[in-house]
Trainee: 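Provided herewith is a single structure, encoded as structure tokens, for subsequent inquiry.
The analysis underlying the following values was restricted to heavy atoms, covering all of them including side chains, and did not include hydrogens, waters or symmetry mates.
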Amino acid sequence: MEFREQVMKILIEKAVKMFGVDPATLGPDTNFKEDLQCKSANIVQFTTSLEDEFDIEVPYMEFNRKATFADAAEYIAELCDE
């Protein structure tokens, strides 16, 4: 599995747990704020999951600027030099 796909899988799994949405409705174009109405605490939960999975530090403010799951996956790939 490609690294960005791994990140996407984690984001989708976390969104399903947090918001009770159907995973089939989530994908690269899913928008954190428009589609999921994410609040700051939700963004922290996403970053914490990614930090735990990839053993990296994910700066909250920078991650919060990512609009979509694809944007976030690209950012995490950059942090991990993938």
Side-chain angles (χ1 to χ4, degrees):
M1 178 183 301
E2 182 188 319
F3 185 81
R4 285 163 188 77
E5 290 173 354
Q6 284 181 278
V7 175
M8 194 73 59
K9 182 177 180 236
I10 291 165
L11 293 172
I12 290 170
E13 288 172 356
K14 193 66 178 173
V16 167
K17 287 179 186 174
M18 286 193 298
F19 301 105
V21 294
D22 179 354
T25 65
L26 303 172
D29 294 330
T30 300
N31 189 292
F32 287 101
K33 292 179 178 73
E34 292 176 16
D35 297 329
L36 299 175
Q37 284 77 47
C38 280
K39 306 287 186 237
S40 295
N42 303 127
I43 298 298
V44 169
Q45 289 176 303
F46 280 114
T47 60
T48 300
S49 293
L50 294 165
E51 287 174 338
D52 291 347
E53 180 70 24
F54 299 112
D55 195 30
I56 58 170
E57 184 176 330
V58 180
Y60 167 81
M61 292 303 290
E62 189 61 34
F63 188 88
N64 193 40
R65 291 185 186 108
K66 308 308 173 199
T68 65
F69 281 12
D71 295 338
E74 183 63 32
Y75 177 60
I76 298 303
E78 290 170 13
L79 288 177
C80 293
D81 293 323
E82 290 289 329

Trainee: Does any part of the side chain of Arg65, heavy atoms only, come nearer than 4.5 Å to the side chain of Tyr75, both counted from C-beta?
Mentor: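 Answer no - side chains too far apart.
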Trainee: Is there a side-chain contact (heavy atoms from CB on, under 4.5 Å) between Phe19 and Gln37 once you walk through the steps?
Mentor: CA-CA 9 Å; Phe19 301 105; Gln37 284 77 47; over 6 Å; no
Trainee: Can you name the salt bridge (Lys or Arg N to Asp or Glu O under 4.0 Å) partners of Glu74, sequence neighbours left out?
Mentor: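 For Glu74, the residues satisfying salt bridge (Lys or Arg N to Asp or Glu O under 4.0 Å) (neighbours in sequence not counted) are Arg4.
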Trainee: Ignoring hydrogens, what is the shortest heavy-atom contact between Phe32 and Thr68? Give both atom names and the distance.
Mentor: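 Shortest heavy-atom contact: CE1-O, 3.4 Å.
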Trainee: Give, for atom CG of Asn42 and atom CG of Asn64, the distance between the pair rounded to the nearest 0.5 Å.
Mentor: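 Separation between the atoms: 10.5 Å.
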Trainee: Starting at OH of Tyr60, measure out to OG1 of Thr47 and round the result to the nearest 0.5 Å.
Mentor: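 Nearest 0.5 Å value for the OH-OG1 distance: 8.5 Å.
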Trainee: Nearest heavy-atom pair of Ala77 and Phe3: which atoms, and what distance?
Mentor: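 Minimum heavy-atom contact is CA-CE2, 3.5 Å.
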Trainee: Could you give all pairs that pass the salt bridge (charged side-chain N to carboxylate O under 4.0 Å, His left out) test and reach residues 13-40, with sequence neighbours left out?
Mentor: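 Qualifying pairs, neighbours excluded: Lys9-Glu13.
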Trainee: Report all side-chain donor-acceptor pairs from residues 49-58 shorter than 3.5 Å, counting only partners two or more places apart or in another chain.
Mentor:
| unit_1 | atom_1 | unit_2 | atom_2 | d |
| --- | --- | --- | --- | --- |
| Ser49 | OG | Gln45 | O | 3.1 |
| Glu51 | OE2 | Val58 | N | 2.9 |

Trainee: If you compare all heavy atoms of Leu36 against all heavy atoms of Ala15, which two are closest, and at what distance to 0.1 Å?
Mentor: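 So the two residues come closest at CD1-CB, 4.1 Å.
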Trainee: Output the distance between atom CG (Leu11) and atom CG (Leu26), rounded to the nearest 0.5 Å.
Mentor: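 If I round to the nearest 0.5 Å, the distance is 9.5 Å.
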Trainee: So how far is it from Lys66 NZ to Asn31 CG, rounded to the nearest 0.5 Å?
Mentor: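 Reported value, rounded in 0.5 Å steps: 13.5 Å.
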Trainee: Return the minimal non-hydrogen interatomic distance between Val7 and Ala73, and the atom names on each side.
Mentor: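 Reported closest heavy-atom pair: CG1-CA, 3.5 Å.
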Trainee: To check you understand the geometry: which heavy-atom pair defines the closest contact between Phe46 and Cys38, and what is its length?
Mentor: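 Nearest pair, atom of Phe46 first, then Cys38: CE1-SG, 3.8 Å.
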Trainee: Find out whether Ile76 and Phe63 are in side-chain contact, i.e. whether some heavy atom of one side chain is under 4.5 Å from a heavy atom of the other.
Mentor: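 Contact flag for Ile76/Phe63 side chains = yes.
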